[in-house]
Structures are given as C-alpha cells and as structure tokens.
Amino acid sequence: MKVRTRLAPSPTGDPHVGTAYQALFGYVWAKVNGGEFVLRIEDTDQERSTEASEVAILDSLKWVGIEWDEGPDVGGPFGPYRQSDRLHIYREHIDLLIEKGHAYPCFCTKERLDSVRKKLIEEKAPNRGYDRKCRDIPPSEAAERIAAGEPYVVRMKIPLEGECLFQDLLRGEIRKDWASIDDQVIMKADGFPTYHLAVVVDDHLMEITHIIRGEEWINSVPKHVLLYQFFGWKPPLYCHLPLLRNPDKSKLSKRKNPTSINYYRKAGYLPEALLNYLGMMGWHMPDGSEKFSVQEMIESFDLNDISLGGPVFDRAKLRWLNGRYIREDYSVAELSETLQGWALNPEYISKVTEVVASRLETLSDWGYFTAMFFSDSVPVTEDLLAVKDMENGEVLELLQVTVWKLEKLHEWNSSTISTVLKEVAEQYEMKLKNLTSPLYGAICGSKIAPPLFDSMEVLGSDLCRTRISAAMDVLGGLSGKKLKKLEKKFRA
RNA sequence: GACCCCAUCGUUUAACGGUUAGGACACUGGCCUUUCACGCCGGCAAUACGGGUUCGAUUCCCGUUGGGGUCACCA
C-alpha cells in the first residue's frame with residue numbers, strides 16, 4: 001500500500017511554525033516511502049476560518065519549501081481538499097451513524113451545557129463532559145423535534161465503560177477509559193461537521209496511511225478510532241510528534257515567541273535554514289551533522305528515530321544555523337540576489353521611501369531613516385518607552401492591550417492601526433500621543449522616526465508585534481498573574 | 001481536579017546493558033585580525049529522585065517528583 005501522509009491546517013490565523021514542523025515530517029515520511037503528501041484545509045469552523053488565512057498558509061508553506069502532491073490549489077484524485085466543499089460527504093456519514101444508532105441528535109442549549117459543566121467543576125467531578133441528557137431520546141421524538149425546527153447538534157455514542165486501546169508509532173500502546181470521554185459533538189448546529197468527524201471521514205476517503213501530527217491530539221484518538229469502528233474502516237497508523245515549546249517549556253505560542261512563519265520570513269531567515277532547524281527538533285542525522293537539506297533528511301529519515309521530549313524552539317540556534325547557510329552556501333552575488341527577493345526590491349523600497357521622503361535633505365539620509373525597515377529588532381531602552389506620569393507597569397499593560405487588539409486586526413494598514421490605537425487611548429482616557437510615544441520606541445527604536453501608523457503598515461504585523469513584545473521585555477515583562485488578570489479584563 | 005504523554009549539560013541532541021557520558025547552540029578564556037564577525041584551540045556544564053532486575057544500569061521494570069498536553073457546537 002502506498003504511503004500517504006497529510007497536513008491538515010485550519011485557516012484560522014497566522015501560518016504557524018508548528019504547522020511547518022508537522023508538514024516537514026509528514027512530507028519527508030511520505031517521500032522516504034515513495035508516497036504522497038496531501039494538503040487538506042480544515043475550515044469547518046465558519047466563525048474563525050478566513051480565506052486570507054488559507055492563502056497565507058499555502059503561501060508560507062511554499063516559501064519554506066514544502067510541496068504537496070494534492071491540495072486545494074493543485075487538485076488531485078481525492079478532492080475536494082477543502083472541507084467546506086465536502087459538506088455533503090460528512091452529512092451522509094453522519095446520517096449513517098444516526099441510522100445505525102451510533103450517533104444521536106442533541107437539543108441541549110449552550111446555556112444548559114455551560115451550567116452543567118460549571119456545576120461539575122464546582123463539584124470537582126472527575127469528568128466534566130456532557131451529561132448525555134439527549135442520548136436516550138427515542139428516535140421518533142427526535143425526528144419530530146427536528147421537523148419542528150428545533151436546533152440540534154449530533155453527538156456520537158461513546159461506550160459507557162471499558163477501555164480504548166490504540167497504538168502510537170512512537171509511544172507504543174496507549175489506553176484510555178471510555179468513561180473519561182463524553183459524547184463528542186460530530187455535527188454542529190450550523191450543519192458543519194466537527195473536526196473529529198471530518199478528519200476521520202477524510203483521512204479514510206483520501207487513503208491516508210500515517211497520521212503525523214502534534215501530541216496535543218493524542219487524547220482525541222479514542223474518538224477517532226471509535227468512528228473508524230462505527231464505519232467499519234481500518235484506522236491509519238498514528239504518530240504523534242512532540243510539541244514545539246516556548247523557552248518556559250509550554251506549548252509554543254505567539255504570546256511568548258514569534259510563531260508566525262511570516263515573522264521569520266520578514267526577519268530575514270532563509271527558508272532552507274528554518275526547515276533544517278525544524279528537522280532537528282526531535283530528530284538528528286545519523287552522523288550527527290546539523291546542517292542538512294530536506295533531500296538529505298529524506299535519505300536518512302525514519303519515523304522511529306524521533307525523540308519524544310518536547311523541544312524548545314531556540315531562536316539563538318536557528319539564528320546560528322541561518323548564518324551558516326549564508327556563509328557556506330551563498331556567494332556574494334547569490335546573497336545580493338536573495339536580499340533583493342527579501343526586501344531590496346523596487347516594491348518595498350518604494351513603500352519605505354514614501355514613508356520617509358518628506359524627511360530627506362540628502363539622499364543619504366534615506367539610509368539613516370530607513371534602517372528600521374530592514375531590521376529584525378531595533379535597539380530599545382527603558383527611557384524610550386517611558387510615558388509621562390505613568391509607571392512601567394501601566395505602560396506594560398498598555399502595550400499588551402495594544403498587541404492583543406492589533407492581533408485581532410483582519411486588515412493591516414495605516415488606518416486600521418490608527419483606529420486601534422485611538423481606541424486604546426480612549427479606553428485608557430489618555431492622549432493618543434502618550435500611547436504612540438512608547439510605540440515609537442518599541443517599533444522604531446528611536447524618538448526620531450517616520451510617522452508611526454505608516455511605518456507599522458510598511459513593517460507588517462509580524463515584525464511590529466514582535467518588536468512590541470521585545471519592548472515589553474525591556475520593561476521587565478508582565479508576570480503570569482498580571483497577564484491573566486489583564487486578559488480577563490480585556491476579554492470583558 | 002481527572003485523564004493522557006514525556007524526562008541526559010541552560011537549550012538541542014549522541015551513547016548494541018560495560019564510554020573519562022560525546023557533539024552543537026548559548027556562556028566563557030585564548031589565538032587569528034585595523035575593529036567586529038567568521039575560523040581555530042581550550043573551559044564551564046547533564047543522566048530528576050527512590051526502589052528493583054542484573055556481575056554491571058543513562059539504557060529494562062515499578063513508584064515518586066517535575067514538566068507538558070487534553071478535557072468546546074476550536075481545530
């Protein structure tokens with residue numbers, strides 16, 4: 001049987017380095033076996049999925065050098081490769097499960113679910129899932145209620161007792177009590193399937209042989225193998241990769257580390273270096289060499305050699321590796337060309353020039369004013385971030401709220417940025433000037449700088465957000481506790 | 001909290017059950033050099049703990065501790 005692996009990102013945000021990590025291992029494993037690598041877009045969350053994100057993900061993966069044999073852009077014999085285009089398939093399968101008595105409509109409201117959950121947590125109950133209220137509604141009654149237009153979801157019937165046992169390629173046998181799993185929703189009220197249903201149906205139909213993904217999914221495997229059982233299908237082989245970590249060992253997150261592939265691109269990392277670095281997270285060349293291409297990786301790779309400790313994504317080492325590529329693989333001519341592709345091209349130069357033009361007295365002033373547009377970080381000092389009559393802690397809060405608000409921006413341009421900053425200033429009842437002041441420091445590394453909003457637009461969201469975070473570190477950073485409190489306040 | 005996963009220098013990784021526990025990044029001393037970087041030579045630094053199994057455990061088993069993840073009409 002031909003080995004087929006897949007990457008199944010959901011288009012709900014920035015392209016994540018963790019996605020590239022899983023893509024690399026999935027891709028390499030397919031190629032080790034002369035098989036195929038499939039890209040499938042998991043956009044079953046109508047609320048959060050955006051086309052912009054999908055485009056960005058495909059674009060980043062291409063940039064980093066991952067290729068797929070089948071996918072939404074290139075098609076293939078198992079399409080469509082976008083889950084929102086496969087709804088009728090899921091619907092059929094859901095109906096089949098209901099028919100066979102493996103799934104049932106559930107009419108519980110969100111409010112009831114919330115209160116049940118809350119109560120269970122208060123009671124410190126070991127299981128905090130759904131109480132299965134609708135599991136035993138007679139099918140005829142359920143049909144009537146549906147006909148009457150009552151909103152409902154569909155849940156799968158998890159066994160009430162016994163144990164689920166499955167194999168993970170790297171971890172061996174994993175077992176989990178069925179009683180610890182609640183009746184998972186497989187179809188939402190909007191008629192879309194949930195991940196659990198869609199992933200199983202698609203992996204089967206697309207003849208995926210190896211599921212290579214993050215460790216975070218281990219706990220949902222029982223639901224999936226049960227679905228395979230319900231359908232009478234043979235489950236694929238599971239291989240859960242360790243999770244990439246922040247320096248504090250928690251799961252890699254943009255709160256603590258730049259996670260967007262776009263950041264690394266904008267900051268001037270080479271795609272082959274980034275991919276190489278990801279390849280040494282949990283795996284190593286047999287001879288111990290640290291610089292290797294994807295092709296070389298394919299020649300020596302074995303899934304079984306992956307080590308399981310969660311590797312910390314170490315930007316310092318990535319930087320070193322990137323430097324090695326530049327030094328060892330690029331002639332001056334090649335480097336010049338690469339720089340042109342990166343930022344030294346007419347498009348970017350003209351954008352940058354537009355921002356600084358009015359400030360130039362000589363052409364050579366250009367270099368002085370635009371250095372910040374060609375850098376990863378800028379030098380920030382505490383006094384650059386100071387705001388009159390404000391303590392560092394307050395500035396920190398301000399910057400954090402600004403970052404959060406900027407993160408939510410769908411469109412990144414001078415005017416949307418300006419709107420956000422005005423909102424923040426208003427919220428804190430302060431002059432806009434007092435908010436932009438530390439931002440000039442954080443973004444430009446100087447009080448003398450081109451207009452902030454325009455500069456931020458040109459610089460792009462990834463670099464801006466990273467620079468603001470770096471500035472916050474200069475101020476000592478927010479403690480976990482404060483951050484939590486602030487987040488609560490921010491959400492409210 | 002319940003459940004699941006994991007455990008070698010600060011980080012990333014080596015070590016058929018027998019090694020002075022190795023490499024790389026970071027840090028650091030020196031050399032090279034007009035400076036910096038690169039490069040070269042050196043240094044610091046780890047088997048979480050407690051029990052077994054064994055002639056012998058980093059390695060196998062159990063427990064403890066620690067870390068992480070999952071417990072959504074998100075994936």
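Each chain gets a letter, A, B and so on, in the order the sequences are listed, and its residues count up from 1.
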Residues passing the ring-ring contact (aromatic ring centres under 6.0 Å, His included) test with A:Tyr195, sequence neighbours excluded, are A:Trp217, A:His224
Using a heavy-atom cut-off of under 4.0 Å over every strand shown, decide if A:Met281 touches base, sugar-phosphate, or nothing. sugar-phosphate
Describe the nucleic acid contact of A:Cys164 in one word from base, sugar-phosphate, nothing, applying a heavy-atom distance below 4.0 Å. nothing
Could you check whether A:Ser250 gets within reach of a base, just the sugar-phosphate, or nothing at all, counting any heavy atom under 4.0 Å? sugar-phosphate
Would you mind classifying the nucleic acid contact of A:Arg315 as base, sugar-phosphate or nothing, using non-hydrogen atoms under 4.0 angstrom? nothing
Taking only the side-chain nitrogens and oxygens of A:Arg117, find out if one of them lies under 4.0 Å from OP1 or OP2 of B:rA72. yes
So, A:Arg324 and A:Glu290, do they make that salt bridge, N to O below 4.0 Å? no
Taking only N and O in the side chain of A:Lys223, is any of them less than 4.0 Å away from OP1 or OP2 of B:rU70? no
In whole Å, measure the gap between the P atoms of B:rC25 and B:rG43 for me. 15 Å
I'd like the P distance from B:rC16 over to B:rC41, given in whole Å. 26 Å
If you look at every strand shown and take non-hydrogen atoms under 4.0 Å, does A:Arg48 touch a base, only sugar-phosphate, or nothing? base
According to ring-ring contact (aromatic ring centres under 6.0 Å, His included), does anything in residues 314-340 of chain A pair up with another residue at least two apart or in another chain? List the pairs. none
Under-4.0 Å salt bridge between A:Asp73 and A:Lys62: yes
Please list, pair by pair, any protein nitrogen or oxygen found under 3.5 Å from a nitrogen or oxygen in nucleotides 2-9 of chain B.
from	atom 1	to	atom 2	distance (Å)
B:rC3	O2'	A:Lys176	NZ	2.5
B:rC5	O2'	A:Arg171	NH1	2.4
B:rC5	O2'	A:Glu215	OE2	2.8

At under 4.0 Å between heavy atoms, what does A:Glu216 touch on the DNA or RNA strands: base, sugar-phosphate, or nothing? sugar-phosphate
Between B:rG56 and B:rC40, how far apart are the two C1' atoms, rounded to whole Å? 40 Å
Between B:rA7 and B:rU11 - C1' atom distance, rounded Å: 15 Å
Using the C1' atoms only, state how far B:rA48 lies from B:rC31, rounded to an integer number of Å. 40 Å
Gap in Å between the two C1' atoms, one belonging to B:rA75 and one to B:rG39, rounded: 47 Å
The salt bridge (Lys or Arg N to Asp or Glu O under 4.0 Å) partners of A:Glu99 (sequence neighbours excluded) come to none
Once the angle between the rings of A:Phe25 and A:Tyr21 is folded into 0 to 90°, is it parallel (under 30°), tilted (30 to 60°) or perpendicular (over 60°)? perpendicular
Just by distance, no angles: are the side chains of A:Asp202 and A:Tyr90 close enough, under 3.5 Å, to form a donor-acceptor pair? yes
Determine the interatomic distance between C1' on B:rA26 and the same-named atom on B:rA45; round to the nearest Å. 11 Å
Could you please name the partner base of B:rG39, counting Watson-Crick and G-U wobble pairs only when both distances are under 3.5 Å? B:rC31
Heteroatom pairs (N/O) under 3.5 angstrom, protein to nucleotides 14-16 of chain B:
from	atom 1	to	atom 2	distance (Å)
B:rA14	OP1	A:His284	NE2	3.0
B:rA14	O5'	A:His284	NE2	3.2

Please determine if a side-chain N or O atom of A:Lys249 lies less than 4.0 Å away from the OP1 or OP2 oxygen of B:rU11. yes
Just checking A:Val185: base, sugar-phosphate only, or nothing, at a heavy-atom cut-off of under 4.0 Å? sugar-phosphate
Going by salt bridge (Lys or Arg N to Asp or Glu O under 4.0 Å), name the residues that satisfy it together with A:Glu144, two or more places apart in sequence or in a different chain. none
Check this one for me: any side-chain N or O of A:Ser220 less than 4.0 Å away from OP1 or OP2 of B:rC71? no
Let me spell it out: for each of A:Arg324 and A:Gly288, pick the nucleotide of RNA chain B with the closest heavy atom. Which residue's pick is nearer the 5' end? A:Gly288
